[in-house]
Amino acid sequence: MVLMNPVISKLTGKLVVLASASPRRLEILTNVGLRFEVVPSWFKETLDKRLFKTPHEYAVETAKQKALEVAKRMPFKHLKTPDIVIGADTVVVMDGLILEKPVDKQDAYRMLSRLSGKEHSVFTGVAIILCHEKEVIDFYEETKVKFADLSDDLLWEYINSGEPMDKAGGYGIQALGGMLVEYVHGDFLNVVGFPLNQFCKKLGLIFSPPGSLTHNSDEPQGTSDPAAPDLTSRGTMQMQNVRENETEDGKEKLSKMIELMDGFKASKVLFTASKLHVFDVLRSSKTGELQAEDVAQEIKASMKGTERLLEACVSLGLLQRTGKEYANTAMSRHFLLSDGPLSLQGYIQHCNELVWPLFTHLETAVREGTNQHEKAFGKSSDNLFQDAYYSRHEVKLRFMKAMHSIAKVSGRDVATAFDLSKYKTACDLGGCTGAMAYEFAKAHPGLSVTMFDLPEVIEMSGHFRPHDADDRVSFVAGDFFKDELPKADVYILARILHDWSDEKVHILLSKIAKACNPGCCVLVSEIFLDEDRKGPSRGLLQALSMTEGRQRSASEYSLLLKSHGFTTAQNQTLAPTTRH
Ligand SMILES: Cc1cn([C@@H]2O[C@H](COP(=O)(O)OP(=O)(O)OP(=O)(O)O)[C@@H](O)[C@H]2O)c(=O)[nH]c1=O
């Protein structure tokens, strides 16, 4: 096959994966000579549509989740890491209503009769994951389609052909459904399921030599990812242009370097916008949108500073701007509103107030091999909650809010990672606010969960109790290094062991081993380092501000557990172990 599009040939030799079961997407990409593997995504298309301001944001987010699921699964299940994963999601939108694939014939009838005689939009969201660079480029395309007036007889005949069932909006424009269509405005293949033209342009931006990036100006509308793929600033591109022997690889390295150099600025923008409640302020305005001036007034900050902050937030995908109006993005609505169910506010403020000051002393920390608590806060931190710094009410509360938000975001995944149906009781050791314990109770109707933590933590955990608190969750005060542990079938250690030296971990595990009966299990939830300790960088970066704790690999945790009679039953991102 002759390759007309040189961009496609840039992917030669790379492991490209299409995270889609759609035969149409496979055909469109095969037709242009792309070589790839198909690994359909297991991501269920169940995102809450109400959380998205526009239908295309929903399609883009679904595409991203489909692709990410495959990118994460492949190294484990297929034992290979792809270079690129492509995900897509097509939706039909009529009067603001998102139509996906019909669930049955009646549903197809409802959809098609809604579309009859009118114009609607078809949006396809696409996500391209660059696995090694850990980057996501996403975009969407909109095409307008007008249906002719359709009689009931025609509709039922079409539905009975079986064609509508696996197609968004209940029709396939490329086949019989083409007969229903009066006109199409825009990219036809976008309706079929994949906006090939825009996809190739994006690939061009990612893979073409720097000089050709000047064609940025005709970039199509609808790019929803402000962070990518414009990998470097224009100033930098010009500089690269001058150096003719600069390779594509060199450009990638440079962009990675720039990302690393700027990383701290991006974090601080997030921390500051959260601390000033920018996201809450925008949410509580009547329309969900505000101009910079109004935001400045609400957050009691200067106009100039606020404008800069808002613009930086837009560039990071934390906010979006239409004209002069700023609004939250779907991601911000998900994670950055103080009262959202998945709010990360608590953890972000912990990073801002505690981790950030510690990292400003990283150089000394490296020279001395110690955590720089004393330098940053004037106090040493041998034992959280017991030293003077942590004894301050607001500091304790902030720490608890941080742990609470992490437990809320990850709790369901931890609670449902393994089949615990044969167990009756669980004990969450160091469970802080009880958020994780409630997630376990919710996920396992037959399980009673005891939350065990220091008395001063239990005392304050009332602040975090849900209104509909499940009475299968109870709270017991104690020190897990000194006091007797409650009896349980499952001991949960979520983000606990990394805080302690091997010596202390042994003390804790021997107490668990003593308290539990044969057949009991310990569920460990941690960031597991790769066996060669080359990643993930989240874990290795966290280690830099640790006191006596350390990050370990799955086999290091297994060894510690084994020495107390626990044999590892499963050993992946989340590891439960069973005692025999
Ligand atoms: C409007 C229209 C849609 N489709 C198909 O509708 C599915 C949408 O569903 P999806 O959720 O985006 O994809 P999927 O098929 O479930 O696959 P996956 O990517 O694995 O989720 C895709 O197939 C598209 O081609 C057509 O074939 N022709 C058309 O005219």
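Atoms within a ligand are numbered from 1 in the order they appear, just like the ligands themselves. Because the structure is predicted, anything quoted here is derived from the model rather than measured.
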For R110, all residues meeting salt bridge (charged side-chain N to carboxylate O under 4.0 Å, His left out), sequence neighbours excluded: D107
Check: F139 ring centre within less than 6.0 Å of F199 ring centre: no
Aromatic contact, H334 with F279 (centres under 6.0 Å): no
Those protein residues which place at least one heavy atom below 4.0 Å from ligand 1: S20, A21, S22, R24, R25, E45, K66, A88, D89, T90, K101, D166, K167, A168, Y171, G172, I173, Q174, V191, V192, G193
Report, one line per pair, each donor and acceptor closer than 3.5 Å where one atom sits in a side chain of residues 173-183; sequence neighbours left out.
from: E182; atom 1: OE1; to: K146; atom 2: NZ; distance (Å): 2.9
from: Y183; atom 1: OH; to: E119; atom 2: OE2; distance (Å): 2.5

Parallel, tilted or perpendicular: ring planes of F528 versus Y557, cut at 30 and 60 degrees: tilted
Contacts of D419 that satisfy side-chain hydrogen bond (donor to acceptor under 3.5 Å, both in side chains) - sequence neighbours left out: S421
